[in-house]
Amino acid sequence: MNITHFFLKPELTSHKHYEALRMYFVEQASAQQVAQTFGFTYRAITSLVSDFKKVLQEDQADDSLFFVRKKKGRPVSKSLPASIKIIVALRKKNRSVEDIKIALDALGETISERSIHLILRAEGFARLPKRSHQEKKAMGPSMIPAPKSRGLSFLEAESFKVGSGGM
């Protein structure tokens, strides 16, 4: 990468904002010039300047304002560590990804089969060997504590998940 290109043509949004504000305040360039240089609209620059001044007045400006890379992807669920423990415990009992998914759904955890597979792979588990129907039956059902029963309400929407089935 060309070093001058890095400074003159920033690609990260936060870097562009920093360079635009620096040009506006330090080099005393007009909002029109800044907008033209960095590919913003005039209104975007005036909003950026206004927002930056507000942050400075509230004394909330620090290094993280421009120099932190944001993580891509979904945020990590707060209940994930507990789910990982359950996933690992069930795999140690030779439960398949589908069995683990059903058990987690029963516990109210929303996690996809793909995520379970990726967690198992990250934890060092290999795929289970192909098992016959008799072998699966011999393992017995996955025992999880049942939730406390309550009265039925026909006004509430109901949803359930199964490994396979149809109407």
Side-chain angles (χ1 to χ4, degrees), residues 1-21 38-41 44 47-48 51-52 55 58 60-167:
M1 172 186 266
N2 185 349
I3 294 174
T4 55
H5 180 74
F6 175 79
F7 289 104
L8 297 177
K9 300 287 183 191
E11 291 182 17
L12 292 175
T13 306
S14 57
H15 188 187
K16 271 187 181 180
H17 289 178
Y18 174 82
E19 292 293 336
L21 288 168
F38 292 100
F40 291 116
T41 62
S47 288
L48 185 63
D51 292 344
F52 184 67
V55 167
E58 293 171 358
Q60 295 178 347
D62 60 359
D63 288 347
S64 68
L65 191 61
F66 296 108
F67 301 110
V68 174
R69 284 187 181 260
K70 294 184 179 176
K71 294 180 182 177
K72 292 181 180 178
R74 294 182 183 175
V76 177
S77 170
K78 292 177 181 161
S79 66
L80 188 62
S83 297
I84 291 173
K85 289 179 184 176
I86 295 168
I87 291 168
V88 169
L90 289 171
R91 177 44 71 95
K92 285 181 180 177
K93 295 178 183 177
N94 282 333
R95 299 294 176 191
S96 68
V97 171
E98 187 177 280
D99 294 338
I100 295 170
K101 169 77 171 134
I102 292 168
L104 288 173
D105 284 346
L107 294 172
E109 297 290 329
T110 54
I111 188 166
S112 69
E113 288 185 8
R114 173 145 174 80
S115 296
I116 294 169
H117 171 71
L118 292 174
I119 289 169
L120 289 172
R121 195 166 62 182
E123 292 290 324
F125 287 98
R127 291 181 63 122
L128 290 176
K130 189 87 170 157
R131 297 176 289 176
S132 69
H133 183 67
Q134 291 172 341
E135 288 174 317
K136 287 181 184 178
K137 216 174 188 184
M139 289 174 52
S142 297
M143 299 301 277
I144 55 172
K148 187 176 179 182
S149 60
R150 57 184 174 84
L152 291 175
S153 170
F154 295 104
L155 301 175
E156 292 180 21
E158 234 181 301
S159 66
F160 60 93
K161 296 180 182 175
V162 295
S164 60
M167 298 297 270

>> Using 0.5 Å steps for rounding, measure from the CD1 atom of I119 to the CD1 atom of I84.
In response: 5.0 Å
> Are H17 and F40 close enough that their ring centres sit under 6.0 Å apart?
Replying inline: yes
> Any side-chain heavy atom of V88 within less than 4.5 Å of one from F125?
Replying inline: yes
>> Tell me the closest heavy-atom pair linking P10 and H15, and the distance in Å.
In response: CB-ND1, 3.3 Å
> Considering residues at least two apart in sequence or located in another chain, which fulfil the ring pair (Phe, Tyr, Trp, His ring centres under 6.0 Å) criterion with H117?
Replying inline: none
>> Quick check for you: to the nearest 0.5 Å, what is the distance between I102 atom CD1 and S96 atom OG?
In response: 7.5 Å
>> Distance check, rounded to the nearest 0.5 Å: E19 atom CD versus L21 atom CG?
In response: 10.0 Å
> Rounded to the nearest 0.5 Å, how far apart are CD of E113 and CG of L120?
Replying inline: 11.5 Å
>> Measuring only between side-chain heavy atoms, which start at C-beta, is L128 closer than 4.5 Å to R91?
In response: yes
> Donor-acceptor pair, K101 side chain versus S112 backbone, under 3.5 Å?
Replying inline: no
>> Donor-acceptor pair, distance only, cut-off 3.5 Å: does the side chain of R95 make one with the backbone of I87?
In response: no
>> What I'd like to find out is whether the side chain of I111 reaches to under 4.5 Å of the side chain of L80, using heavy atoms alone.
In response: yes
>> If you define the side chain from C-beta out and look only at heavy atoms, does anything of L104 sit under 4.5 Å from I86?
In response: yes
